[in-house]
Amino acid sequence: MYNFRAIEKKWQNYWDEKGTFNVSVDDSKKKFYMLVEFPYPSGTGLHVGHARVYSASDVQARFRRAMGYNVLFPMGWDAFGAPAEQYAIKNHVYPALVVKENSRVFKEQMKSLGLSIDWSREFSTTDPEYYKLTQWQFLQFYKAGLAYKSYKEINWCPKCKMGLSNEDAQGGVCERCGSPTTKKLKNQWVLRMSDYADKLLDGLDDTLFLDKVKTAQINWIGKSVGASVSFKLADCDDFIEVFTTRPDTLYGVTFMVISPEHEFLSKYKDRISNIDEVTKYQESAKRKSEIERTDNTKEKTSVLVKGLEAINPVTGDLLPIWVADYVLASYGTGAIMAVPAHDERDYAFARKFSIPIVPVIDGGDIDKEAYVLDGVHINSDFLNGLNKDDAISKMIDFLESKGIGHKQVNYRLQDWIFSRQRFWGEPIPMVYCDSCGWVPVDEADLPIVLPVVESYEPTDNGESPLANIEEFVNCKCPKCGGSAKRETDTMPNWAGSSWYWLRYMDPHNSNEIASMDAMKYWGQVDLYDGGMEHATRHLLYARFWNIFLHEQGLVPYSEPFLKRIAHGMILASNGEKMSKSKGNVVNPNDMINEYGADALRTYEMFIGDYSKDASWNELGLKGCSKFLDRVWRLQSRLSDNLGYTDSLEIIINQTIKKVTNDISNLDYNTAVSALMILLNEMEKLDSITRSDYRVLIQLLNPFAPHITEEINSVCGLGEELSASAWPVYDEDKTVSLSYEMVVQVNGKIRGKIVVATDASNDEMLKLAYDIPNVKVFTDGKEVVKEVVVPKKLVNIVVK
RNA sequence: GCCUGUAUGGCGAAAUUGGUAGACGCGAUAGACUCAAAAUCUAUUUUUCGAUGAGGAAGUUCCAGUUCAAGUCUGGAUACAGGCACCA
């Protein structure tokens with residue numbers, strides 16, 4: 001066993017002292033920007049899942065460097081958020097100190113992995129110099145009219161006095177303290193992201209995101225084309241507006257459903273005879289999450305709103321109005337027209353509450369189930385006999401002519417609620433003045449710094465802990481100079497991560513996000529690696545942010561990321577998620593101590609398809625450590641000769657080709673396997689040349705940078721690997737002169753024979769028929785067909 | 001529930017995208033070296049019939065289908081994973 005501990009330390013110190021991986025703008029070189037989602041520096045330290053992702057990014061960075069690129073491979077910390085705040089509340093420590101300590105540990109661990117990061121560009125989203133610019137960018141959103149205040153509901157735990165995510169409020173119970181949660185209406189800052197829905201959709205065409213990532217984004221935006229229709233209330237000159245993708249089924253509407261949050265319930269409370277029942281239902285809805293509310297396996301609950309009725313605009317029929325929580329206030333108008341004959345949910349609802357079902361599309365048997373397929377219209381007056389598309393456009397024309405509806409595009413994408421009632425986030429730089437209203441902080445007064453205090457206890461009324469800190473809250477109005485109060489909401493965790501890749505390009509610039517020169521040179525992120533769990537929100541927020549900055553002339557590209565990929569997770573050996581509570585977390589430090597960083601990196605690359613989850617198995621790591629040991633011991637076979645050994649020439653060229661392609665395609669596991677095969681071949685020989693050895697360690701270098709650099713140095717094989725060009729292969733020398741041809745009869749293998757690579761189809765057939773075992777299956781049979789696949793196989797079809 | 005993925009030996013996996021299923025690694029078994037062990041090396045290792053040979057049969061979650069040929073394509077089912085807007 002070679003002394004990996006000393007070797008790894010030696011090269012890590014060497015790279016550190018020399019600044020080997022620090023880069024600067026260099027117009028003479030093409031650039032490659034390798035970005036990986038920066039971590040939240042938790043107190044538990046790095047996880048082997050992190051190690052896989054950063055190792056893979058490092059393989060890519062080292063490979064691209066060898067390919068001649070000027071590679072930007074930076075790292076930083078996404079450190080605002082609840083965990084640091086919770087820790088701070090409990091231990092009365094300023095959260096910045098927690099962040100400092102945690103990120104120090106993370107950095108140390110990353111260094112011990114031998115990552116080729118340019119550490120001169122490190123920052124944390126919690127640095128005042130950084131969040132000053134985050135605040136500045138918020139002001140640009142505000143000044144462009146994209147930030148507004150609006151009342152939005154949040155999950156609320158009355159005991160913890162905290163806003164909760166849906167996950168933390170699952171089943172109407174606070175995950176932290178177990179007490180029942182409710183909803184609270186808060187006046188929140190919101191960014192007008194839905195205005196960018198089409199831009200976010202169209203921009204995807206200019207990217208090379210993985211298809212599943214694109215699909216996730218497209219579905220999240222959820223564009224649908226339909227119509228807005230106004231239903232007049234009976235006895236009243238007011239209208240319920242609905243969005244529907246099927247205005248052609250208007251003749252089949254027999255009732256309407258509104259969400260418990262619908263404004264008419266309070267507006268007309270005096271006319272609703274069963275208002276107590278309705279109010280009770282509204283309360284129960286507050287305890288449910290949207291997932292529970294829209295779960296189709298659960299029985300629909302609903303209350304008839306007595307005293308309010310709407311009128312079907314085409315039939316003139318009176319429509320009962322129901323309130324039900326499966327209708328969400330956040331989608332469309334918070335009200336729907338129900339067509340029970342042709343919608344499964346409406347059908348189940350109508351059946352349960354004995355509401356009439358009127359078929360308007362021919363087909364199916366509506367006594368049994370809703371008919372959701374296409375057909376011609378019936379019972380629909382002027383639409384009768386038309387197909388779906390024609391009926392939709394004719395109905396929209398009709399609605400427009402009557403002034404009670406119009407064509408409309410609807411999005412699932414909502415505006416971005418940008419307020420959090422937390423201490424540990426970027427303060428939103430706004431001031432409320434009784435005479436001037438909301439006023440933005442003067443840009444020159446940024447950053448609005450988080451105060452250093454002893455207690456971060458939450459408030460009783462749902463305000464941020466900042467609201468308790470008077471010296472923070474009280475200020476002068478930037479406009480009139482009168483006394484005013486600061487906004488105490490802070491920004492969501494997503495804010496700091498919505499522009500961090502720009503900052504890496506010019507991290508010490510104190511005047512602007514980054515200089516235009518730096519942003520033009522480093523350009524778009526060439527490869528952005530992150531988890532699938534961030535493929536919707538983070539990626540959409542970041543793209544929205546960047547598109548906006550581009551429109552403001554602040555950044556040179558509209559789309560920030562050229563290619564976004566998604567890696568899998570590392571699971572415990574039993575396939576469960578690793579978590580502290582289950583006690584199954586594997587610490588990379590322990591693995592590095594026992595097997596070395598090179599072995600850990602190689603194993604994590606070899607463990608399986610990078611895009612898929614993989615279960616941890618220490619025996620696999622042991623195997624990779626053995627592999628590196630064998631590479632080390634190959635030194636004993638090293639001769640003084642140069643040039644590839646004749647018998648290795650083809651496999652060396654094949655391996656260069658395979659490893660090059662595999663790393664480019666992120667097929668790290670098969671690249672490692674190809675290197676193992678090459679090593680197996682070399683070990684069969686008594687001696688290998690210096691060129692043989694050098695090419696092996698060059699190809700292995702991105703995976704195991706320390707041991708390869710050491711072998712290269714002690715054997716004097718050539719220039720330092722981190723400064724060497726990637727080996728090239730000769731295509732002609734990747735193909736051998738002969739191959740094993742497969743012979744099938746009726747698709748079953750009946751023989752194999754070695755054939756010259758350049759054999760003609762006729763020669764292949766002749767050799768196939770000559771095989772004794774093939775004769776057994778063809779003799780006396782009629783040959784129906786002969787299939788010849790050059791350089792592969794022959795299939796003889798007989799009857 | 002909805003959206004998106006995934007499913008291959010005892011285990012992690014591969015398969016040039018319709019052309020030899022199981023490369024490579026782990027584990028296991030047997031052997032060499034050793035007083036012995038570890039380490040290392042060699043051989044075997046999908047199941048089954050056959051004699052440990054030649055060879056045959058079955059086999060990529062399940063059920064159908066397309067094709068000379070299906071892990072790969074089509075339709076349906078099941079299970080698991082990720083996301084569902086204040087976890088990061």
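In the text below, chain A, chain B and the rest are named by the order of the sequence lines, each starting its count at 1.
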At under 4.0 Å between heavy atoms, what does A:Glu292 touch on the DNA or RNA strands: base, sugar-phosphate, or nothing?
nothing

Produce the list of close N/O pairs, under 3.5 Å, pairing protein atoms with atoms of nucleotides 74-82 of chain B; give distances to one decimal.
unit_1	atom_1	unit_2	atom_2	d
B:G82	OP1	A:Lys577	NZ	3.4

Contact class for A:Gln421 vs. all strands (heavy atom < 4.0 Å): base, sugar-phosphate, or nothing?
base

Check every strand shown and say whether A:Trp416 touches a base, only sugar-phosphate, or nothing at a heavy-atom separation below 4.0 Å.
nothing

Could you list the donor-acceptor pairs under 3.5 angstrom formed between side-chain atoms of residues 37-47 of chain A and any protein atom two or more places apart in sequence or on another chain?
unit_1	atom_1	unit_2	atom_2	d
A:Glu37	OE1	A:Gly531	N	3.3
A:Glu37	OE1	A:His534	ND1	3.0
A:Glu37	OE2	A:His534	ND1	3.4
A:Glu37	OE2	A:Arg564	NH1	2.8
A:Tyr40	OH	A:Ala84	N	3.0
A:Ser42	OG	A:Thr44	N	3.4
A:Ser42	OG	A:Thr44	OG1	2.9
A:His47	ND1	A:Gly49	N	2.7

Would you please name every residue forming a salt bridge (Lys or Arg N to Asp or Glu O under 4.0 Å) with A:Glu533, sequence neighbours left out?
none

Classify the angle between the aromatic ring planes of A:Phe423 and A:Tyr456 as parallel (below 30°), tilted (30 to 60°) or perpendicular (above 60°).
tilted

What is the nucleic acid contact for A:Val797, judged by heavy atoms within less than 4.0 Å: base, sugar-phosphate only, or nothing?
sugar-phosphate

Check this for me: does any side-chain nitrogen of one of A:Glu463 and A:Lys186 sit under 4.0 Å from a carboxylate oxygen of the other?
yes

Answer with yes or no whether the side chains of A:Asn166 and A:Asn155 bring together a donor and an acceptor at under 3.5 Å.
yes

What's A:Asn155 touching, base or sugar-phosphate or nothing? Going by heavy atoms closer than 4.0 Å.
nothing

A:Glu683 with A:Arg633: basic N within carboxylate O range, under 4.0 Å
no

When rounded to the nearest Å, what value does the distance between P atoms of B:U61 and B:A13 take?
14 Å

Nucleotide nearest A:Lys752 (side chain, heavy atoms from C-beta), chosen from B:C3, B:U20, B:G25
B:U20

Heavy atoms only, 4.0 Å cut-off, all strands: where does A:Ala216 land among base, sugar-phosphate and nothing?
nothing

With A:Asp489, which residues qualify under salt bridge (Lys or Arg N to Asp or Glu O under 4.0 Å), at least two apart?
none

Any side-chain donor paired with an acceptor under 3.5 Å for A:Tyr87 and A:Asn102?
no

How are the rings of A:Trp494 and A:His538 set to each other: parallel, tilted or perpendicular (split at 30° and 60°)?
parallel

Within the pair A:Asn680 and B:A23, is there a side-chain N or O less than 4.0 Å away from OP1 or OP2?
no

List the steps and the verdict of side chain to side chain donor-acceptor pair (under 3.5 Å) for A:Glu786 and A:Tyr769.
CA-CA 11 Å; A:Glu786 290 165 337; A:Tyr769 279 110; 2.6 Å; yes

Using the side-chain hydrogen bond (donor to acceptor under 3.5 Å, both in side chains) definition, which of the options A:Lys152, A:Lys149, A:Gln421 pairs with A:Gln188?
A:Gln421

With 3.5 Å as the limit, what N/O pairs link the protein to nucleotides 6-11 of chain B?
none

Using a heavy-atom cut-off of under 4.0 Å over every strand shown, decide if A:Ile607 touches base, sugar-phosphate, or nothing.
sugar-phosphate

Which pairs with one or both residues in residues 613-636 of chain A pass ring pair (Phe, Tyr, Trp, His ring centres under 6.0 Å), sequence neighbours excluded?
A:Tyr2-A:Trp632, A:Tyr603-A:Trp616

Could you tell me whether A:Leu619 contacts a base, only the sugar-phosphate backbone, or nothing, with contacts defined as non-hydrogen atoms closer than 4.0 Å?
sugar-phosphate

May I have the list of side-chain donor-acceptor pairs in residues 655-665 of chain A shorter than 3.5 Å, sequence neighbours left out?
unit_1	atom_1	unit_2	atom_2	d
A:Thr655	OG1	A:Ile651	O	2.6
A:Lys657	NZ	A:Glu731	OE1	3.3
A:Lys657	NZ	A:Glu731	OE2	2.9
A:Lys658	NZ	A:Asp662	OD2	3.0
A:Thr660	OG1	A:Ile656	O	2.5
A:Thr660	OG1	A:Trp726	NE1	2.9
A:Asn661	ND2	A:Lys657	O	3.4
A:Asp662	OD2	A:Thr670	OG1	2.8
A:Asp662	OD2	A:Ala671	N	3.3
A:Ser664	OG	A:Thr660	O	2.7
A:Asn665	ND2	A:Asn661	O	3.1

Of all heavy-atom pairs linking A:Leu793 and A:Met741, the shortest is CA-CG, 4.2 Å

Short heteroatom pairs, N/O only, protein and nucleotides 63-67 of chain B, under 3.5 Å:
none

Any idea which heavy atoms bring A:Leu200 and A:Arg543 closest together, and the distance?
O-NH2, 2.7 Å

Salt bridge (charged side-chain N to carboxylate O under 4.0 Å, His left out) between A:Glu261 and A:Lys286, worked out:
CA-CA 9 Å; A:Glu261 295 83 9; A:Lys286 284 190 180 178; over 6 Å; no

For RNA chain B, what residues of residues 38-55 of chain A have any heavy atom nearer than 4.0 Å?
A:Tyr40

Enumerate all atom pairs, one protein N or O and one N or O from nucleotides 48-56 of chain B, separated by less than 3.5 Å.
unit_1	atom_1	unit_2	atom_2	d
B:G56	OP1	A:Arg750	NH1	3.1
B:G56	OP1	A:Asn773	ND2	3.1

Identify whether any heavy atom of A:Gly81 sits under 4.0 Å from a base atom; if not, whether one sits that close to sugar-phosphate; answer base, sugar-phosphate or nothing.
sugar-phosphate

Send over the distance from A:Asn795 CG to B:A69 C1', rounded to a whole Å.
6 Å

Just call it for A:Ile677: base, sugar-phosphate, or nothing, with non-hydrogen atoms closer than 4.0 Å on any strand.
sugar-phosphate

Quick one: do the A:Trp499 and A:Thr134 side chains pair a donor with an acceptor below 3.5 Å?
yes

List the atom of A:Trp424, the atom of A:Ala79, and the distance in Å for their closest heavy-atom pair.
NE1-O, 2.9 Å

Considering just the side-chain nitrogens and oxygens of A:Asn166, establish if one lies under 4.0 Å of OP1 or OP2 belonging to B:A85.
yes

Polar-atom pairs under 3.5 Å, protein N or O versus N or O of nucleotides 38-42 of chain B: list them with distances, or write none.
unit_1	atom_1	unit_2	atom_2	d
B:U40	O3'	A:Arg633	NH2	3.4

Under the salt bridge (Lys or Arg N to Asp or Glu O under 4.0 Å) test, which residues partner A:Lys684, sequence neighbours left out?
A:Glu681

Touch class at under 4.0 angstrom, heavy-atom based, for A:Gln188 against every strand present:
base

Identify whether any heavy atom of A:His534 sits under 4.0 Å from a base atom; if not, whether one sits that close to sugar-phosphate; answer base, sugar-phosphate or nothing.
base

